[in-house]
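I have placed the structure first, in the form of structure tokens, so that the comments after it can refer back to it.
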Amino acid sequence: MQIDQKRPLVVQSDFTVLLEVRHPEFDQVRPLLARFADLVKTPEHIHTYRMSALSLWNAAAAGMTTSEITSFLEEHAKFGVPHNIKQDIRRFVERYGLVRIESLGEDLLLISDDVEAIKEMCSFRTLRSYGLCQVDSQTLRFSSIYRGALKQELIKLGYPVQDLAGYTRGEELPIRLRGDASDGKAFQLRDYQTSAVESFYREGSIMGGSGVLVLPCGAGKTIIGIAAMGKLNCATLILTTNTTSVNQWKREILEKTDVTEDMVGEYSGMKKDVRPITIATYQILTYRKSKDDLFIHMDLFNKRDWGLIVYDEVHLLPAPVFRVTADIQATRRLGLTATLVREDGREEDVFSLVGPKRYEMPWKELEGQGWIASVSCTEIRVPLLQAEQDSYLSAEARQKMRIASTSKGKLNVIKQLLAKHKGEQTIIIGQYLDQLKQVAQALGAPLIYGQMPHEEREELYNQFRRGELQTIIVSKVANFAVDLPDASVAIQISGSYGSRQEEAQRLGRILRPKSDANKAFFYTVVSSDTKEQEYALNRQLFLIEQGYQYRIEEYSQAEDEGEITAALDNSYRSKPLNQQSEEEVLST
DNA sequence: GAGCATGCAA
DNA sequence: GCGCATGCATGCTC
């Protein structure tokens, strides 16, 4: 074993990989590591990643090989790579594709070059009900109705099946992208958008046709979906999270393709139009009169001969939709998301039913190419006020979070930040209405929340866009509103527990490229030494995994306003005492 | 049958 | 494991 203390990684035999944050190779090593391992912990000096079966399978599906992974680890590990880890990586990576599904007339075949794998499958009790029937030592035959369910079951048993059984064409529908239009509506796919579409589907290749593309907010997921439609030229069902997004898909399809309005239908609470291109919400699919009733709108999947189903924000796909998706495995499926992480842990179902990850664009890479703004993230820790301190300590666990999140001490920080970023469009985002109302009153800025009619919201958004309003305060509407205007400063004053998605989405609000220095600022204000501070760390995991660094600043309440300004301003220029390491990392 | 308020689900 | 926003259906009014 080669020992080289100068290297940044420690590969441990429990499948975790430690990465030294202050190491000069950090920025170079991190994105590669993230391709096959998940970030799990981020204490100050060392980040812990863990390889899992699924993270390795997704890497394999995206084209990574065993030797790429092990030689990368060997090259950067201080103490080498334990022998058993190398073996296990090989075992997992090779599991993807070890068993594949191919078609044979009406039926399907499970095929493996590994005779032992087939033997093992015959012995699994849970597979009995699928009527697997042995053809020869390497082949099992089964009915195509079990295509989805079987894949779901097999991944649980450690066999991520490669599905090569192909797809139906679906009803034909010519869709031409306005790539060369002379009427000013022309647009060009960016290079990464082209690669993304091609890794989903390439003409003549049997492999493509189902899978997930992972792209940051603001990378143009809709456009990629539309480009895929343009390749396949077939009736398409698009599923998305809310009605605003339904409208947005429709608008973009009409704008970017030659498809006419009568070809595009909306299937939602308001309208039930099934057209060659139909856009629906997940919610209408999962509607039922009572708990043990039928999902009456689920037959939308069979209302037409769809050639493609697009799952927008696939990480939010509701459980009942998985069930139907298992039955339509012969239809091409495209999942789009900014994060494969589901808060309910059903990532394996996404893998087997929608498809494996085909493409991932790291946020930092997009930033490097200038497609999104570069964001500096700062966590500002504010001590609780004396009175809050007491009630915090005596409060029940479940109340603690609320007390910490809504601390009155945050107001001063907000004011300081607004002063610091005077003249920049700023969004303040929070979770508790009481708190937001107080902040709105103190700042004299409008609060946009659920009860406000959409018309009124739109008016405020427009004023903000025109620059007539410089600051707006938004509640959880920000988590859903696709039409929220862009800003260059976001201040998060409270959020829901450890939601990584929420944090990512909020940062997404300031990613649109800026005209001048292309720089944006994300602040998260938390009460120091509280539950909130712990949760804040959790929330940041995903973005840290994407390469963002949070600077941490301790804020102390001073008596005199002027003093506060000085204290805060100063800390941006000099190194905060407790964060020298972060600072050094940034400069490497 | 549009426009609104209400209750419910996840 | 909380608080909030959403979307859907229904039932009322004119």
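Lettering follows sequence order; numbering is per chain, from 1.
By the 4.0 Å N-to-carboxylate-O rule, A:R342 lies close enough to A:D344 to be salt-bridged with it. No salt bridge links A:E424 with A:K422; every basic N to acidic carboxylate O contact stays at or beyond 4.0 Å. Comment: A:E532 engages A:K410 in a salt bridge, judged by a side-chain N to carboxylate O separation of less than 4.0 angstrom. A salt bridge does not link A:K408 with A:E388: every distance from a Lys NZ or Arg NE/NH1/NH2 to an Asp or Glu carboxylate oxygen is 4.0 Å or more.
Protein atom CG of A:L433 is 11 Å distant from nucleotide atom P of C:dT6, rounded to whole Å. Between the P atom of B:dA10 and the CG atom of A:D293 lies a distance of 12 Å, rounded to the nearest Å. We find that CG of A:L316 is positioned 15 Å from P of C:dT6, with the value rounded to whole Å. Look at NE2 on A:H454: it is 14 Å from P on B:dA5, rounded to the nearest Å. The nearest whole Å value for the distance from the CG atom in A:N242 to the P atom in B:dA9 is 21 Å. Nucleotide C:dT6 holds its P atom 11 Å from the CG atom of A:L484, rounded to whole Å. In this entry the distance linking CG of A:D344 with P of C:dG1 reads 16 Å, nearest Å. Rounding to whole angstrom units, CD of residue A:Q451 and P of C:dT6 are separated by 11 Å.
The ring-ring contact (aromatic ring centres under 6.0 Å, His included) search around A:H297 returns A:Y267, not counting sequence neighbours. For A:V482, the side-chain contact (heavy atoms from CB on, under 4.5 Å) partners are A:N242, A:T244, A:S245, A:Q248, not counting sequence neighbours. For A:D486, the side chain to side chain donor-acceptor pair (under 3.5 Å) criterion is met by A:K514, not counting sequence neighbours. By the side-chain contact (heavy atoms from CB on, under 4.5 Å) test, A:M452 is found to be paired with A:I448, A:E456, A:R457, A:L460, residues two or more places apart in sequence or in another chain being considered. Taking the side chain to side chain donor-acceptor pair (under 3.5 Å) definition, one finds that A:T530 meets it with nothing, sequence neighbours left out.
At a non-hydrogen distance threshold of 4.0 Å, nothing from residues 532-539 of chain A comes into contact with DNA chain C. For the contact set between residues 435-450 of chain A and DNA chain C, defined by any heavy atom under 4.0 Å, the members are A:Y449, A:G450. A heavy atom closer than 4.0 Å to some atom of DNA chain C occurs in A:R398, A:R402, these being the qualifying members of residues 393-406 of chain A.
No donor-acceptor contact under 3.5 angstrom links the side chains of A:Q505 and A:N479, judged on distance only. In this model, a donor atom of one side chain and an acceptor atom of the other lie less than 3.5 Å apart for A:E459 and A:Q463. A donor-acceptor pair shorter than 3.5 Å cannot be found between the side chains of A:H315 and A:T339. Looking at A:S376 and A:Y548, their side chains never bring a donor and an acceptor atom within 3.5 Å of each other. Between the side chains of A:T42 and A:Q540, no donor N or O sits under 3.5 Å from an acceptor N or O. Using modelled atom types, one finds a donor on one side chain and an acceptor on the other under 3.5 Å when comparing A:E503 with A:Q492.
Applying the 4.0 Å criterion to OP1 and OP2 of B:dC8, one finds that A:R288 has every side-chain N and O outside that range. OP1 or OP2 of C:dC4 has not a single side-chain nitrogen or oxygen of A:S496 nearer than 4.0 Å. Phosphate proximity of C:dA5 to A:R457: absent, as no side-chain N or O sits under 4.0 Å from OP1 or OP2.
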- nucleotides 8-14 of chain C: protein proximity per nucleotide (B base, S sugar-phosphate only, - neither; heavy atom, under 4.0 Å): SSS----
For residues 398-406 of chain A, which side-chain N or O atoms pair as donor and acceptor with protein atoms under 3.5 Å away, sequence neighbours left out?
from	atom 1	to	atom 2	distance (Å)
A:K400	NZ	A:A395	O	3.1
A:S405	OG	A:M401	O	2.7
A:T406	OG1	A:R402	O	2.7

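Taking a pair as Watson-Crick or G-U wobble with both distances under 3.5 Å, the runs of three or more consecutive pairs in DNA chain C are B:1-9 with C:6-14.
Pairs passing the ring pair (Phe, Tyr, Trp, His ring centres under 6.0 Å) check and including a residue from residues 380-417 of chain A, sequence neighbours excluded, do not occur.
When the nucleotides C:dA5, C:dC4, B:dA10 are ranked by their closest atom to the side chain of A:Y432, C:dC4 comes out on top.
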